[in-house]
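Below, chain A is the first sequence line, B the second, and so on; all start at residue 1.
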There are 2 protein chains.
Amino acid sequence: MSKRYDQYCPVCHALGLVGERWALLVVRELLRGPKRYTDLLEGMPGVGTNVLAARLRELEQGGIVRKRKLPPPAASTVYELTEYGQELEEPLYALARWGARTLGPPGKGDDLYPDWGLNAFAALLNTEAARGVEETYVMRIGDDVYTVQLSDGQVHVESGAVDDADLDAAMGMATFYGMASGELEPRTALEEGRVELFAGKRVNLERFFSIFSFAARDQVTA
Amino acid sequence: MSKRYDQYCPVCHALGLVGERWALLVVRELLRGPKRYTDLLEGMPGVGTNVLAARLRELEQGGIVRKRKLPPPAASTVYELTEYGQELEEPLYALARWGARTLGPPGKGDDLYPDWGLNAFAALLNTEAARGVEETYVMRIGDDVYTVQLSDGQVHVESGAVDDADLDAAMGMATFYGMASGELEPRTALEEGRVELFAGKRVNLERFFSIFSFAARDQVTA
DNA sequence: CGGAATCCTCTTCGATACTG
DNA sequence: CAGTATCGAAGAGGATTCCG
């Protein structure tokens, strides 16, 4: 059984469900779809198989994660978030934005986890600025390529590029981080040649980073 | 030193700062103002003095908490949140709302922590519904009385009542929880005599709980 | 009396090895 | 592939003690 805080309080209750070490990382891994036990192990370096098993058991008891067996051809068991588990997206992204403010750009030895962008763009989305915007962007960051679609106030992200994007830009990770954090002006980055723009520049970088950032969020929400 | 997750990721970084046991409860305690070491101990039953001291040290190193000495008359040291620590309000409240959905109304043996409402109303605030609203409410819940002022999209809560409220209502905790969660219709609660309305009923309960709730939040944010 | 450091026991973690 | 079993190391919780 997981440790509890003996106090009647929503925060205590929430922490009783997902407050233990590794628990929220399991949620992060599952936010973008079901995964197998082994994939989870791989996505969370250092976890230790027994601890992962224990967390999954606790999360399952808490109604956050569900175990499911895939039909025969690929008869493996996967873990997925329940509806209640999916609702952790907002709190988790809020925490991620907060953390990103002091994270700093990645160094060369830092390992990004695969498909980091799938969560990143969703987390950075400024819902107020995105209202009514119907656009598609291709962002090529380091070795990763993402297509970000904005429609009806919702964001949809997937790996890879599409042809008819309103903006198609390539840059390094540190450059992206700088602009998303507000420390680096898109104009400056362009002048210094740190960003390369491809076909379909109907939308400029300023606009993109006014919608996706973790710096402006405070002013906007406040 | 606190345990870390060896992965370059905002969530990992955030959890490295406030992911350890008791850390977020310290933040909860300090959100509404500075507190002394002993007050913290009291507000977090079960913490153990060494663990609290360790957490405070780690939070101080992380730039989340600051230690300050009060001037001579009451020469005691207090702990307070830094600006960066204050920015945890959004993530923490998001987590609290999520937790509240499965918390259920309090039983008789459950101890509410003192001044729970100061955080609760701020956490439940639906910013979209509050836009442009300039009103003051007095909520008498169980033995606690709070004045909730809405102005300029911001909420201000304090203990006690004022005279010129737009709504002044008294109810039990379970009734309040039911209405805030959306499980209990204010109309029904009134018919059953579970809510008592006092002078100044210019605003009805429906309106109040359309602004303060954790049930409707998902539809609104989505 | 407020603000801790110390000591002790117990649980949990992380790593490796092993099994259906 | 999907875990369980085991073991040393680290951390939590509780009580006591110390310092200003």
Side-chain angles (χ1 to χ4, degrees), chain A residues 1-7 12 15-26 29-30 33-62 65-80 111, chain B residues 1-7 12 15-27 29-30 33-62 65-80 111 114:
Chain A
M1 251 312 156
S2 70
K3 240 166 218 182
R4 296 175 181 285
Y5 301 92
D6 297 331
Q7 206 171 34
C12 298
L15 291 176
L17 292 172
V18 296
E20 241 157 336
R21 192 157 164 72
W22 297 109
L24 276 180
L25 287 193
V26 172
E29 288 296 303
L30 296 181
K35 289 200 173 176
R36 292 176 307 176
Y37 187 88
T38 317
D39 299 331
L40 287 171
L41 269 182
E42 209 172 333
M44 299 154 60
V47 66
T49 85
N50 55 347
V51 176
L52 177 57
R55 287 301 160 273
L56 285 170
R57 214 177 302 125
E58 291 160 11
L59 289 171
E60 211 175 339
Q61 271 187 253
V65 158
R66 186 189 303 130
K67 192 196 282 194
R68 194 162 52 106
K69 289 199 201 308
L70 293 182
S76 61
T77 62
V78 294
Y79 292 89
E80 64 184 3
D111 281 340
Chain B
M1 251 309 155
S2 70
K3 243 167 214 179
R4 295 174 183 285
Y5 302 92
D6 296 331
Q7 206 172 34
C12 298
L15 290 176
L17 291 172
V18 296
E20 242 159 337
R21 191 158 164 73
W22 297 109
L24 275 180
L25 287 193
V26 171
V27 175
E29 289 295 304
L30 296 181
K35 289 200 172 177
R36 294 176 306 175
Y37 186 87
T38 316
D39 299 331
L40 287 172
L41 270 182
E42 207 172 333
M44 297 153 61
V47 66
T49 89
N50 54 349
V51 176
L52 178 57
R55 287 302 160 273
L56 286 170
R57 212 177 304 124
E58 290 160 13
L59 289 170
E60 209 176 342
Q61 272 188 251
V65 158
R66 186 190 303 131
K67 195 196 281 197
R68 194 162 52 105
K69 290 202 202 304
L70 293 182
S76 61
T77 62
V78 294
Y79 293 88
E80 64 185 1
D111 280 339

Query raised in the report: Of all the nucleotides listed (C:dT12, D:dA2, D:dG3), which has the minimum atom distance to the side chain of A:Ser76?
Result: D:dA2
Query raised in the report: Do the side-chain N or O atoms of A:Tyr79 get closer than 4.0 angstrom to the phosphate oxygens (OP1, OP2) of D:dG3?
Result: yes
Query raised in the report: Are OP1 or OP2 of C:dG14 and a side-chain N or O of B:Arg4 less than 4.0 angstrom apart?
Result: no
Report summary line: DNA chain D nearest-nucleotide lookup for A:Ala53 and B:Arg55: closer to the 5′ end is A:Ala53
Query - Any side-chain heavy-atom pair of A:Val26 and A:Leu52 under 4.5 Å - result: yes
Query raised in the report: Between C:dG2, D:dT6, D:dA2, which one does the side chain of A:Asn50 approach most closely?
Result: D:dT6
**Report entry** B:Lys35 NZ to C:dA4 C1', straight-line distance once rounded to whole Å
**Finding:** 19 Å
Report task. Report the relative orientation of the aromatic rings in A:Tyr79 and A:Tyr37; use parallel for angles under 30°, tilted for 30 to 60°, perpendicular for over 60°. Result -> tilted
Query raised in the report: Given atom CG of B:Leu52 and atom C1' of D:dG14, what is their separation to the nearest angstrom?
Result: 14 Å
Query raised in the report: Please give, in whole Å, the distance from C:dG3 P to B:Arg57 CZ?
Result: 15 Å
Query raised in the report: At under 4.0 Å, does any side-chain N or O of B:Trp22 touch on OP1 or OP2 of D:dG13?
Result: yes
Query raised in the report: So which nucleotide from C:dT16, D:dA2, D:dA12 ends up closest to the side chain of A:Thr49?
Result: C:dT16
Requested in this report: Would you mind classifying the nucleic acid contact of A:Lys67 as base, sugar-phosphate or nothing, using non-hydrogen atoms under 4.0 angstrom?
Outcome: sugar-phosphate
Query - Nucleotide of D:dA12, C:dA4, C:dC13 approaching A:Val51 most closely (side-chain heavy atoms) - result: C:dC13
**Report entry** Nucleotide C:dC13, atom P - distance to CZ of B:Arg21 in whole Å
**Finding:** 11 Å
Query raised in the report: For B:Leu40 and C:dG2, what is the distance between atoms CG and P respectively, to the nearest whole Å?
Result: 13 Å
**Report entry** Length of the line joining B:Leu41:CG and D:dT16:P, which is rounded to integer Å
**Finding:** 16 Å
Report task. Flag yes if more than 12 heavy atoms outside B:Glu80 fall under 6.0 Å of its CD atom; otherwise flag no. Result -> yes
Requested in this report: Decide, yes or no, whether a salt bridge links B:Glu60 with B:Arg57 under the criterion of side-chain N to carboxylate O below 4.0 Å.
Outcome: no
Query raised in the report: Between C:dA15 atom P and B:Asp6 atom CG, what is the distance in whole Å?
Result: 9 Å
**Report entry** For atom CD of B:Gln7 and atom P of C:dG14, their distance in whole Å
**Finding:** 14 Å
Query - Side chain proximity check, A:Leu25 to A:Val47, heavy atoms < 4.5 angstrom - result: no
